[in-house]
2 protein chains.
Amino acid sequence: MRDASPQGIYKVQALDRAFAVLDLLGESDTPLGLAQVASSLQLHKSTAHRFLMVLERHHMVERTSSGKFRLGLRLFDFGNRAIEQYDLRERAQPHLRRLVAETEETAHLCILEQARVIYIDKIEPARSVRMITRIGSSNPVHCTSVGKAILAFLPEDRIEEVIRRTRFERFTHRTIANAEALRAEIEKTHRRGYAVDDEELEEGLRCIAVPLLDAQRQPVAAVSVSGPSFRVTAQKLPSIANHLLHCVRGIAHDMGYTSSSRGSRAAWTA
Amino acid sequence: MRDASPQGIYKVQALDRAFAVLDLLGESDTPLGLAQVASSLQLHKSTAHRFLMVLERHHMVERTSSGKFRLGLRLFDFGNRAIEQYDLRERAQPHLRRLVAETEETAHLCILEQARVIYIDKIEPARSVRMITRIGSSNPVHCTSVGKAILAFLPEDRIEEVIRRTRFERFTHRTIANAEALRAEIEKTHRRGYAVDDEELEEGLRCIAVPLLDAQRQPVAAVSVSGPSFRVTAQKLPSIANHLLHCVRGIAHDMGYTSSSRGSRAAWTA
DNA sequence: ACGCATATCTCATATTTTGAGAGACTGTCT
DNA sequence: AGACAGTCTCTCAAAATATGAGATATGCGT
């Protein structure tokens with residue numbers, strides 16, 4: 001739905017429908033009955049039923065005791081396999097834990113997928129206000145520190161590509177509203193070495209992020225620290241940034257991104 | 001494949017095939033090319049190609065730079081949504097962290113799905129031998145402490161149902177080999193209050209688990225501590241069990257399983 | 001006990017998927 | 001260089017597949 005493939009489009013109706021069902025169940029925070037699924041998706045009862053039965057056989061959905069449907073645990077399995085192939089998450093976790101211990105605020109690990117950032121992991125300090133982010137969910141780049149952190153270290157053409165695909169949705173009155181402003185912010189971020197989201201996604205929430213660069217000095221992810229603005233004050237930013245830099249340095253090391261400063265393959269892009 | 005549905009079977013070939021593709025990619029720890037997928041699944045090139053294109057459009061698979069396919073991040077999103085509906089995981093995490101800090105061994109959180117236990121979460125101590133468990137993966141009940149812990153507190157008929165569906169696969173020479181032995185072990189576990197897996201799944205690995213009981217005193221999950229046998233010694237078991245009990249008590253409290261000792265609805269099952 | 005709403009199931013129809021094969025690449029060997 | 005061996009893309013007629021109208025069954029509320 002999101003992207004109209006440039007070339008000829010391949011269709012398998014059954015798959016589109018099945019994923020629509022999963023989507024629907026994933027969106028809904030309460031299990032849905034057959035009838036609800038069928039009508040929401042404009043499928044006929046029998047069709048919806050057949051799909052749900054097949055999905056259930058594969059444990060992609062499961063039924064509550066009341067006979068309603070919700071997402072199944074097979075998806076959880078698949079999801080973990082999917083993320084494992086990146087294996088960034090596992091290696092990063094100890095470093096994130098330390099970061100949280102040091103800053104006592106929530107840490108996030110994100111990667112850039114298409115033109116959005118996906119939350120790969122989240123670590124919360126012992127006692128804190130629960131953050132609403134769900135691991136696996138995504139946000140646009142223009143309103144997140146992680147998005148800006150990654151963007152700022154991407155090559156020019158990739159930056160422009162991402163910007164072009166960004167809709168500049170507004171979340172608060174501080175949300176960056178256009179490509180121009182974003183470019184300026186990116187520029188600033190690059191110079192400073194860390195990115196800041198000053199209540200641009202959510203009122204009262206301030207985040208700060210730094211990118212994780214691979215051996216070719218390309219950003220593959222970003223780590224952020226987020227907390228209420230009254231705790232994450234402007235004065236603290238440099239100190240937090242230091243913790244962040246230390247953290248990503250550790251991750252980079254564990255990932256084998258030997259920053260043996262034989263860099264400068266930077267110009268090469270693709 | 002795993003379960004022959006009792007009643008009439010519903011089929012949607014396309015879905016079975018699509019999931020077979022995802023399965024294949026999930027099993028493989030290296031991305032696969034079109035040809036490999038096609039031949040592994042006995043699909044014709046064009047068919048496999050079409051499926052992969054559609055799956056890619058849905059971000060269920062993605063292509064590496066070399067054009068090979070691997071699982072996509074949409075699955076990660078779905079997986080997290082699926083697990084969120086249980087929300088046990090999030091609430092349990094702080095307690096598991098404490099448990100790991102106390103015992104300095106790996107902690108697992110599992111639930112029973114059908115006749116197997118699924119790993120919902122894993123917390124590892126700062127420095128330890130990496131355990132091979134993948135979150136989201138599953139194991140049979142007969143060779144895991146978590147399996148036995150849950151089983152031991154299930155009503156008789158559920159126990160028998162699970163046992164009936166267990167294949168008693170052998171993993172080490174200590175693996176419980178038949179229903180009889182498992183029943184005895186269950187009995188023992190119930191009396192003792194905690195379950196032990198003494199190198200029954202893996203040579204040199206000892207685990208100990210206790211169940212998490214809901215308001216109706218039904219087991220909904222189990223928490224375990226696992227470590228090398230030379231560290232997790234027989235002498236330490238009672239002490240670890242205490243930490244475990246403390247941990248699940250905390251989780252139960254957070255989940256609102258007010259154990260207001262107005263229990264004894266135990267006889268009621270369904 | 002009745003009726004409404006929901007789920008389950010069957011089967012002939014035609015829509016949708018299928019797969020053979022031809023084309024377009026890519027890189028590898030001689 | 002040239003040609004081979006391996007990929008991946010794409011088209012289209014054939015047919016097997018999924019479809020959905022509707023009939024049946026189940027269950028819930030009053």
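Note on naming: letters A, B, ... go to the chains in the order of the sequence lines (proteins, then strands), and numbering restarts at 1 for each one.
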Quiz item: What nucleic acid atoms does A:G67 come within less than 4.0 Å of, heavy atoms only: base, sugar-phosphate, or nothing?
Solution: nothing
Quiz item: Can you tell me if the side-chain N/O atoms of A:R17 get under 4.0 Å from OP1 or OP2 in D:dT19?
Solution: yes
Self-check item: Residue pairs, two or more places apart or on separate chains, that pass ring pair (Phe, Tyr, Trp, His ring centres under 6.0 Å) and touch residues 18-49 of chain A
Solution: A:F19-B:H58, A:H49-B:Y10
Practice problem: Give A:F51 one of three labels, base, sugar-phosphate or nothing, depending on what nucleic acid heavy atoms sit under 4.0 Å from its own. | Solution: sugar-phosphate
Exercise. Answer yes or no: does a side-chain N or O of A:Q13 lie under 4.0 Å from OP1 or OP2 of D:dT19?
Key: yes
Self-check item: Residue whose closest nucleotide on DNA chain C lies nearer the 5' end, A:L32 versus A:A14
Solution: A:L32
Quiz prompt | OP1 or OP2 of C:dG19 under 4.0 Å from side-chain N/O of B:T47 | solution = yes
Quiz item: Any side-chain N or O of A:H49 under 4.0 Å from OP1/OP2 of C:dA7?
Solution: no
Quiz item: OP1 or OP2 of D:dA21 less than 4.0 angstrom from a side-chain nitrogen or oxygen of A:H44, does that happen here?
Solution: yes
Quiz item: Would A:L43 and A:V37 count as a side-chain contact (heavy atoms from CB on, under 4.5 Å) if you check the C-alpha gap in whole Å, the side-chain angles of each, and the deciding distance to 0.1 Å?
Solution: CA-CA 8 Å; A:L43 293 178; A:V37 172; 5.5 Å; no
Quiz item: Nearest heavy-atom pair of A:K45 and A:L34: which atoms, and what distance?
Solution: O-CD1, 3.9 Å
Quiz item: Where the side chain of A:V12 is concerned, which of C:dT17, D:dC10, D:dT9 is the nearest nucleotide?
Solution: C:dT17
Quiz item: So, do B:L22 and B:M60 sit near enough that their side-chain heavy atoms are less than 4.5 Å apart?
Solution: yes
Self-check item: 5' priority, DNA chain C, between B:L43 and A:Q36 [closest heavy atom]
Solution: A:Q36
Self-check item: Nucleotide of D:dT9, D:dA18, C:dG19 approaching A:R50 most closely (side-chain heavy atoms)
Solution: D:dA18
